[in-house]
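Positions are given from 1 along the sequence.
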Amino acid sequence: MADKEGLKTAKDYGLDTPFQAQGDFHVKGANNLDWGMKKHLSNIFDAKTGKTVMFAFDHGYFMGSTAGLERLDIVIPPLADYVDVWMATRGALRSCIPPSAKNGVALRVTSGSSMLDDDLSHETVAVDIEDAIRMNADCMAVQTFIGADGQLSSLENLSRVINAGLRYSIPTLGVVAVGKDMERTDRFFKLATRILAEMGAQIVKSYYCDHFDEVVAACPVPIVVAGGKKLSEEDALTLAYNSIQGGAAGVDMGRNIFQSEHPVEMAQAVRKVVHEGFTDKEAYQFYQDLIH
Ligand code: R5P
């Protein structure tokens, strides 16, 4: 391992130079993967735009019944036409989501903590690869806790899932969690996203931050940006817009869609930003026009 003392601060991100290993496949870092992996990635990232609108409603895996998600069977199905991917637990999918829906599936495969814990950073792999295959998962989502108490076990979980995914050509989505004592700095996100990519995650989910374009440039696989706590619709669309402008390959939004007073209209507005090049202002106007 390199001596930490002598390390220089990374600074040359070549922001004017496009990703050099893109090849002719539309997903960053995936050109050398096999057909099965590419097929799953194409179920996540639109082949025309290279981007995705993931909709996260996996919160129940540690939060139980969450505001806006009290009735999955009522709230989720109407969103099917407006989001590309369900990010969810197998329990939610099997019990409430029609398998006839065309959406891709980002299957949450780790769990083990609950809101009652002081430290949420200890999880285990709770879903066998065989069940991910049965669910036709397009990727498997693993929570990681870089710099937190659960770092080692979460990276072990990530490795196990990536190894299993590589055996059956199912991508792994490495999720960067931010602990309550951790700063949301670009320094942290550059560290965490790059670690997950170098471990072999084919997709990384992280947060928007200052110098986000540098975080993206230094990560050789697509980053999808988490929505985070509920913002006003206008601010959430600005978050989506800034993320896409900074090079994100999409968003993975939960509360900013399902806690909106108008989830279906909000999903449509987010879609305009991610896939159709709308500015945040244009998308907010579109949202206003839909709800009035
Ligand atoms: C991730 O760890 C959570 O379970 C959610 O998937 C994630 O936080 C995205 O949802 P939200 O946009 O509500 O933060």
Side-chain angles (χ1 to χ4, degrees), residues 43-61 63-108 135-139 141 173 205 208 224-244 248-292:
N43 290 341
I44 296 171
F45 296 100
D46 186 291
K48 291 197 188 80
T49 67
K51 298 192 171 61
T52 188
V53 177
M54 282 192 188
F55 173 56
F57 59 100
D58 58 336
H59 304 57
Y61 97 90
M63 296 174 84
S65 173
T66 312
L69 290 183
E70 294 87 347
R71 287 287 301 269
L72 297 169
D73 57 316
I74 297 174
V75 174
I76 308 303
L79 289 160
D81 287 343
Y82 308 109
V83 300
D84 298 308
V85 177
W86 305 128
M87 180 175 183
T89 62
R90 60 181 172 183
L93 288 165
R94 279 202 170 100
S95 59
C96 298
I97 306 303
S100 52
K102 299 274 188 286
N103 313 69
V105 169
L107 184 65
R108 163 71 59 185
M135 299 289 297
N136 204 20
D138 292 302
C139 69
L173 168 63
K205 171 176 168 176
Y208 184 76
V224 291
V225 169
K229 69 179 181 192
K230 175 74 174 77
L231 305 168
S232 69
E233 279 74 8
E234 192 169 14
D235 287 349
L237 291 167
T238 298
L239 170 67
Y241 176 71
N242 289 340
S243 302
I244 296 299
V251 295
D252 187 6
M253 267 189 182
R255 286 164 286 181
N256 279 295
I257 292 178
F258 67 71
Q259 288 182 350
S260 168
E261 276 186 46
H262 306 282
V264 167
E265 290 79 3
M266 185 58 184
Q268 291 179 74
V270 170
R271 195 166 186 85
K272 292 286 179 192
V273 172
V274 171
H275 287 305
E276 296 186 31
F278 275 36
T279 64
D280 46 348
K281 304 267 177 304
E282 289 168 338
Y284 186 61
Q285 186 58 53
F286 173 81
Y287 170 77
Q288 288 291 333
D289 292 345
L290 283 179
I291 64 172
H292 288 121

Residues 92-102, side-chain donor-acceptor partners within the protein, below 3.5 Å, at least two apart:
unit_1, atom_1, unit_2, atom_2, d
Arg94, NH1, Asp131, OD2, 3.0
Arg94, NH2, Asp131, OD1, 2.8
Ser95, OG, Gly91, O, 2.6
Ser95, OG, Ala92, O, 3.4

Item to complete: Please lay out, stage by stage, how Ile244 and Val274 fare under the test side chain to side chain contact (heavy atoms under 4.5 Å, CB included).
Response: CA-CA 7 Å; Ile244 296 299; Val274 171; 4.2 Å; yes
Discussion item. Is there a side-chain contact between Trp86 and Leu107 in this structure, where contact means two heavy atoms from C-beta onward sitting under 4.5 Å apart?
Written reply: no
Worksheet item: With a 4.5 Å heavy-atom cut-off, do Met54 and Val83 have their side chains touching?
Response: no
Residues which pass side chain to side chain contact (heavy atoms under 4.5 Å, CB included) with [X], listed by chain and number, not counting sequence neighbours:
{"X": "Glu261", "result": "none"}
{"X": "Asn136", "result": "His40"}
{"X": "Gln288", "result": "Tyr284, Gln285, Ile291, His292"}

Below 3.5 Å, can you tabulate the donor-acceptor pairs from side chains in residues 236-243 to any protein atom, sequence neighbours excluded?
unit_1, atom_1, unit_2, atom_2, d
Thr238, OG1, Glu234, O, 3.1
Thr238, OG1, Asp280, OD2, 2.8
Asn242, ND2, Thr238, O, 3.4
Ser243, OG, Leu239, O, 2.7

Using every non-hydrogen atom in the two residues, find where [X] and [Y] come nearest and quote the distance to one decimal.
{"X": "Ala56", "Y": "Lys205", "answer": "CB-NZ, 4.4 Å"}
{"X": "Val75", "Y": "Gly68", "answer": "CG2-O, 3.5 Å"}
{"X": "Met266", "Y": "Ser260", "answer": "CB-OG, 3.9 Å"}

Discussion item. Restricting to ring pair (Phe, Tyr, Trp, His ring centres under 6.0 Å), what partner residues turn up for Tyr287, sequence neighbours left out?
Written reply: none
Worksheet entry | Qualifying residues under side chain to side chain donor-acceptor pair (under 3.5 Å), relative to Tyr82, sequence neighbours excluded |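 Expected list: none.
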What is the distance from atom [atom1] of [X] to atom [atom2] of [Y], rounded to the nearest 0.5 Å?
{"X": "Phe258", "Y": "Leu72", "atom1": "CZ", "atom2": "CG", "value": "9.5 Å"}
{"X": "Met253", "Y": "Met87", "atom1": "CE", "atom2": "CE", "value": "14.0 Å"}
{"X": "Leu290", "Y": "Lys272", "atom1": "CG", "atom2": "NZ", "value": "8.5 Å"}
{"X": "Leu173", "Y": "Asp252", "atom1": "CG", "atom2": "CG", "value": "7.0 Å"}
{"X": "Leu69", "Y": "Asp58", "atom1": "CG", "atom2": "CG", "value": "9.0 Å"}
{"X": "Thr66", "Y": "Phe57", "atom1": "OG1", "atom2": "CZ", "value": "12.0 Å"}

Practice prompt. Please confirm whether the backbone N or O of Gly277 pairs with a side-chain atom of Thr279, one donor and one acceptor, at under 3.5 Å?
Written response: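 No.
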Worksheet item: Checking Asn43 side chain against Gly104 main chain: does a donor-acceptor pair fall under 3.5 Å?
Response: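 Checking the backbone N and O of Gly104 against the side chain of Asn43, no donor-acceptor pair under 3.5 Å is found.
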Practice prompt. Apply side chain to side chain contact (heavy atoms under 4.5 Å, CB included) to the pair Val264 and Leu79, showing each step before the final yes or no.
Written response: CA-CA 6 Å; Val264 167; Leu79 289 160; 4.1 Å; yes
Only counting residues at least two apart or in another chain, list the ones meeting salt bridge (charged side-chain N to carboxylate O under 4.0 Å, His left out) with [X].
{"X": "Arg255", "result": "none"}
{"X": "Asp73", "result": "Arg71"}
{"X": "Asp138", "result": "none"}
{"X": "Glu233", "result": "Lys230"}

Item to complete: List the steps, then state whether side chain to side chain contact (heavy atoms under 4.5 Å, CB included) holds for Phe45 with Val85.
Response: CA-CA 9 Å; Phe45 296 100; Val85 177; over 6 Å; no
Fill in: Qualifying side chain to side chain donor-acceptor pair (under 3.5 Å) pairs with a residue from residues 46-57, counting only residues at least two apart or across chains
Thr49-His275
